[in-house]
Amino acid sequence: MKILILNGPNLSRLDLREKSYYGDLDYAGLRKAIESKATSLGIDVDVKQSDSESELISLLHEAADKKQPVIFNPAAFTHYSYAIRDAVIMLKAPVIEVHLSNPLSREEFRHTSVISGVVNGTIAGFGVESYHLALIAMQKLLG
Ligand SMILES: O=C1C[C@@](O)(C(=O)O)C[C@@H](O)[C@@H]1O
């Protein structure tokens, strides 16, 4: 079973965002780093990104129907999307929330995650390493 790595809005333009939080890596580089770490761990991944709340929800529905594990960076939706939270609740396999930056060290509106309470765990603040750590954690969760 492939693990779905799902990325939310504006992550496709990572290299154009605040360098102090996201560095120089572009989305293609992030994707490549995730895929190569997954290969080294012997994990199959499907890396997807969308800027649309509706599309992210459809992808979560598909993952729920397939009982697919998910590593999810909901990006700004983390902080306010109850619709995405409700879709995450319906997932049947483990789900890990990841963030490149540490939202708790940023603006106050980022201190709330409406997603954290409905996932197995959250990894934040380690750049691309957050995804690597999530892959290792997911491997353990799946036994
Ligand atoms: O778009 C993002 C990226 C982010 O999820 C991260 O990976 O650090 C943190 C969010 O607050 C922000 O809106």
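Only heavy atoms go into these numbers, but all of them, side chains included; no hydrogens, no water, no symmetry mates. When a ligand or atom number is given, it counts from 1 through the structure's own listing order.
Considering both main-chain and side-chain atoms, Val98 never comes within under 3.5 Å of ligand 1 through any nitrogen or oxygen pair. Ligand 1 has no N or O atom lying under 3.5 Å from any N or O atom of Arg106, backbone or side chain. Residue Leu100 has at least one N or O atom closer than 3.5 Å to an N or O atom of ligand 1.
If you look at Glu107 next to ligand 1, there are no close heavy atoms at all, none under 4.0 Å. When heavy-atom distances to ligand 1 are checked against a 4.0 Å cut-off, Thr78 has no atom that comes that close, whether in backbone or side chain. The side chain of Arg110, and not its backbone, has at least one atom closer than 4.0 Å to an atom of ligand 1 (non-hydrogen atoms only; side chain from C-beta on). Counting heavy atoms closer than 4.0 Å to ligand 1, residue Tyr22 contributes side-chain atoms (C-beta onward) but none from N, CA, C or O.
Side-chain atoms of Glu97 and Thr78 include no donor-acceptor pair closer than 3.5 Å. Side-chain contact of His111 with Glu108: a donor-acceptor pair under 3.5 Å is absent, judged by distance alone. With 3.5 Å as the limit, one finds a donor-acceptor pair spanning the side chains of Asn73 and Tyr131.
Taking the six-membered ring where tryptophan is involved, the planes of His79 and His99 are essentially parallel, since the angle between them stays under 30° and well short of 60°.
Near His79, meaning under 4.0 Å from any of its heavy atoms, are these atoms of ligand 1: 10 (C), 11 (O).
In this structure, of Gly8, Gly127, Pro74, Ser101, the residue bringing a heavy atom nearest to atom 9 (C) of ligand 1 is Ser101.
Between atom CG of residue Leu100 and atom CD1 of residue Ile123 there is a gap of 12.0 Å, rounded to the nearest 0.5 Å.
Criterion: ILVMFWY side-chain heavy atoms under 4.5 Å apart, direct or through other members. Under it, Val95 and Leu56 are part of a common hydrophobic cluster.
Salt bridge status for Glu35 with Lys32: absent, with no side-chain N to carboxylate O gap under 4.0 Å.
Annotation: cation-pi geometry not satisfied between Arg13 and Tyr27 (NZ/CZ under 6.0 angstrom from ring centroid, within 45° of ring axis).
Under a 4.0 angstrom heavy-atom cut-off, Asn73 registers as being in contact with ligand 1.
Nearest non-hydrogen protein atom to atom 4 (C) of ligand 1 is His99 ND1, 3.7 Å.
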